[in-house]
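Quick caveat: nothing in here was measured; it's all calculated off a predicted structure. We count residues from 1, following the sequence as given.
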Amino acid sequence: MSLETPNKPSKSGAMTPGSIATEFSKMDFPAPSGLKLSIPTKEKEIQNPQQQEVGNTSSSGGIGGGLLSAISSVFSPTSSNGNEDTGDISGPEPEALTAARRKFRSESISEQLSTELSAMKLPQPERIFGPNEGESNAAKEGNNGVSAEDWDKIKLEDEIPEAVKEPKRMTHSRHTSRADAALPRTPTIPEAPEPSSSKSQAVAKEQKVTPFDVEGEVDAEGKDLGIDYDKLTKRFGASIISQELLDRFERLTGQKPHPLLRRGTFYSHRDFNLILDRYEKGQPFYLYTGRGPSSDSMHMGHLIPFMFTAYLQRVFNVPLVIQVTDDEKYLLERDVKKQAELMKKIKGKKPLDLLRHYKKMGQDNIKDIIACGFIPEKTFIFSDLANVGGAFYENVVLMAKTITQSQSRNVFGFSDSDNIGMFHFAAVQATPSFSNSFPQIFGTRDDIPALIPCAIDQDPYFLLTRDAADRLQYKKPALLHSKFLPALQGAGTKMSASKENTAIFMTDDAKKIAKKIKSHAFSGGGATQEEHKANGGNPDVDIAYQYLSFFEDSDEKMERLDKEYRAGTLSTSEMKAACIEKLQEVVAEFQKNRAEVTDEKLAYFQDPSRKIDPRPKPKETDAPAPLA
């Protein structure tokens with residue numbers, strides 16, 4: 001049907017509202033009289049409403065009140081003489097006028113309040129300024145207000161991204177996980193008060209720790225101060241591993257804690273106490289760790305976490321899953337020049353060649369991992385490129401939907417220039433934390449938690465995972481965090497697979513190990529023999545002592561070396577000789593085990609159809625306990 005012109009009669013002759021209005025406008029009606037409407041008597045009330053008195057807020061609302069008063073008076077249904085019998089025919093006030101009236105009143109009151117406050121001589125706040133900041137009387141008089149230590153704490157709290165904070169949910173939330181119900185109301189390990197330190201005053205550049213970038217604090221002179229692990233632990237909201245927890249571990253397992261535990265290399269945790277609860281009750285759990293292939297051979301920094309995980313598996317006698325993230329290494333390489341050089345080295349012609357290179361590198365690393373001594377019947381090692389699918393990929397999808405782009409940016413530092421695979425990979429790394437991702441081990445059970453030994457920089461991944469576990473109604477993973485293992489050059493440096501002299505590689509022979517320690521290992525001793533004998537050395541920064549502490553089981557020997565080195569009776573060369581002997585022993589044993597890894601053994605560890613018994617074995621018996 002056609003639409004008629006609004007101000008013309010329709011074809012049927014019916015008058016439209018527009019045509020009625022047109023006809024009325026043509027008529028000459030007399031002016032209305034006797035309506036008793038209130039009309040402003042002062043012309044300036046309309047022409048200059050901004051000049052009305054600011055203090056008059058009873059009806060006009062201060063600034064802007066003149067205009068509002070004029071508008072209100074014109075349309076007011078109240079007569080000027082106060083008589084209620086006004087003969088008003090104006091009807092209810094239009095909604096738009098009501099909104100305008102409220103807006104004018106709100107704005108005018110705010111402006112008036114601001115004007116009055118600015119005219120008052122209020123005392124300036126004295127305690128919200130940081131050291132040497134602000135224009136307060138306290139700052140001018142030399143009182144710095146908040147102390148440097150407290151100010152550092154305030155700034156630290158402000159730097160915590162929401163995405164990496166431990167989720168705190170109300171008990172009535174429908175998203176509350178079953179793991180939350182098991183948490184004690186009071187902390188199992190009381191937190192020690194943070195020691196006051198003047199170190200924060202000297203920090204010119206704060207530390208940066210993400211899964212992809214690790215940078216220590218730097219002082220005003222450009223000196224690397226290393227990583228402040230107490231600050232990092234507080235930032236991530238983890239708990240320090242206390243002596244009480246180590247004593248309980250030894251009491252339940254009958255095993256002395258590994259040197260990496262009792263000497264503080266693995267120093268913080270999440271819910272490790274709950275894992276010990278399950279072990280004590282005979283309830284199942286499993287271990288999960290991983291490796292991103294970055295070289296054909298692992299170095300000492302790669303070996304130590306796997307060595308520690310193998311120890312935990314032997315002590316607890318539980319299943320272990322190891323994820324080899326060959327996909328991650330392809331996705332997360334941001335250096336275009338480095339990729340081009342690698343393509344040239346492998347004689348690759350297209351991106352697929354580079355992807356397959358990382359896959360092959362991952363297979364070589366799996367042989368290294370097997371050589372660390374895991375229990376074959378209870379260990380499943382898998383490559384993402386070869387195995388992601390089925391039940392595992394179902395959990396990848398579930399996990400991916402719980403992570404927002406904003407969280408990925410805040411936690412990992414991603415930007416618009418990063419590929420979407422980098423954003424998505426967090427879901428892939430999180431998925432092994434859920435037991436039903438491995439039906440050949442746990443079937444469809446989703447209530448069996450994982451214990452994850454990892455470096456502290458990987459914790460943000462699992463903060464997101466633990467938060468997602470609430471929403472997915474899965475068990476939260478527990479974690480054991482390690483400190484970063486320094487390169488040969490000392491604290492503040494990092495082992496690199498691409499820099500030969502920063503690390504001891506597992507393919508190095510005895511002579512090369514000795515040469516690297518003698519030539520490149522940072523010494524905490526004196527500059528000369530005389531100075532060392534007079535003042536002693538510092539084993540806390542001595543790389544030979546640090547490396548030795550990772551592998552030497554005897555506490556008595558380590559205490560003796562520490563004491564003699566500090567006293568200056570043990571020389572730097574003698575400390576390095578002790579380290580060389582132990583490292584040569586460890587690497588030789590590894591190389592022997594590596595030579596025994598056949599293609600058949602490689603396939604066995606990666607067989608996704610191989611059934612693994614997840615039932616825990618009661619202590620001092622070989623009969624498996626029921627899967628509780």
Side-chain angles (χ1 to χ4, degrees), residues 149-150 152-171 173 175-195 197 200 206-214 217 227-242 244-245 264-277 288 399 402-404 406-413 426 429-430 433 449-472 474-484:
E149 292 81 4
D150 291 339
D152 183 67
K153 294 176 188 176
I154 295 171
K155 292 192 293 183
L156 176 63
E157 289 299 320
D158 291 343
E159 290 167 0
I160 302 176
E162 283 295 325
V164 303
K165 287 183 178 178
E166 185 71 22
K168 299 184 184 299
R169 302 188 182 280
M170 301 298 290
T171 55
S173 169
H175 295 307
T176 302
S177 73
R178 286 165 286 185
D180 283 335
L183 288 171
R185 293 298 178 186
T186 57
T188 304
I189 305 171
E191 284 192 7
E194 184 179 14
S197 170
S200 59
E206 291 291 340
Q207 63 190 14
K208 176 184 179 183
V209 178
T210 74
F212 315 109
D213 298 297
V214 176
E217 293 179 338
I227 301 297
D228 186 331
Y229 288 101
D230 289 336
K231 181 184 292 187
L232 193 59
T233 303
K234 277 188 169 293
R235 175 189 168 194
F236 287 163
S239 301
I240 298 295
I241 296 175
S242 68
E244 290 78 10
L245 192 62
T265 301
F266 278 86
Y267 77 104
S268 70
H269 76 100
R270 294 187 190 278
D271 293 348
F272 186 49
N273 54 309
L274 299 185
I275 293 296
L276 293 181
D277 289 345
Y288 158 41
M399 183 68 200
T402 68
I403 304 173
T404 66
S406 176
Q407 285 177 316
S408 292
R409 290 177 187 275
N410 290 336
V411 175
F412 306 120
Q429 179 160 322
S433 305
L451 172 61
I452 307 171
C454 64
I456 186 67
D457 63 327
Q458 297 298 304
D459 189 67
Y461 272 120
F462 300 110
L463 277 173
L464 292 179
T465 305
R466 286 167 61 86
D467 190 32
D470 280 340
R471 289 181 261 176
L472 299 177
Y474 289 164
K475 280 287 189 182
K476 292 180 180 180
L479 293 101
L480 289 170
H481 303 128
S482 76
K483 297 177 181 178
F484 304 117

*What's the spacing between Ile452 CD1 and Arg466 CZ if we round to 0.5 Å?*
9.5 Å

*Rounded to the nearest 0.5 Å, how far does CG of Asn273 lie from CD of Glu244?*
12.5 Å

*Quick one: pull up CG in Leu480 and CG in Asp271 and give me the separation to the nearest 0.5 Å.*
10.5 Å

*Sequence neighbours left out, what passes side chain to side chain donor-acceptor pair (under 3.5 Å) with Ser482? Give chain and number order.*
none

*Taking only residues two or more places apart in sequence, or in another chain, which ones meet Phe272 in a ring pair (Phe, Tyr, Trp, His ring centres under 6.0 Å)?*
none

*Measure the spacing between CG of Leu245 and OG of Ser239 and express it to the nearest 0.5 Å.*
9.5 Å

*asked:* Which residues pass the side chain to side chain donor-acceptor pair (under 3.5 Å) test with Ser268, not counting sequence neighbours?
replied: His481

*How close do Ile456 and Phe236 get, heavy atom to heavy atom, and via which atoms?*
O-CE1, 3.5 Å

*Which atom of Ala468 lies closest to which atom of Thr402, heavy atoms considered*: CB-OG1, 3.3 Å

*Over all heavy atoms of both residues, which pair between Asp459 and Leu479 is shortest? Give the atoms and the distance, please.*
OD1-CD2, 4.1 Å

*Going from OH on Tyr461 to SG on Cys454, what distance comes out if it is rounded to the nearest 0.5 angstrom?*
11.5 Å

*Can any side-chain N or O of Arg270 pair as donor or acceptor with the backbone N or O of Gly237 at less than 3.5 Å?*
yes

*Do you know which two heavy atoms are closest between Ala430 and Thr465, and how far apart they sit?*
CB-OG1, 3.1 Å

_Residue pair Ser433 / Tyr288: nearest heavy atoms and the distance that separates them_ = OG-CE2, 3.8 Å

*Do the non-hydrogen side-chain atoms of Pro449 and Leu274 ever get within less than 4.5 Å of each other?*
no

*Kindly assign one of parallel, tilted or perpendicular to the pair Phe484 and Tyr229, based on the angle between their ring planes and the thresholds 30° and 60°.*
tilted

*asked:* Let's go through Lys234 and Asp230 carefully: what are the C-alpha distance in whole Å and the side-chain angles of both, what is the deciding distance for salt bridge (charged side-chain N to carboxylate O under 4.0 Å, His left out) to 0.1 Å, and is it a yes or a no?
replied: CA-CA 6 Å; Lys234 277 188 169 293; Asp230 289 336; over 6 Å; no

_Shortest non-hydrogen contact from Asp470 toward Lys476_ = OD1-CE, 3.3 Å

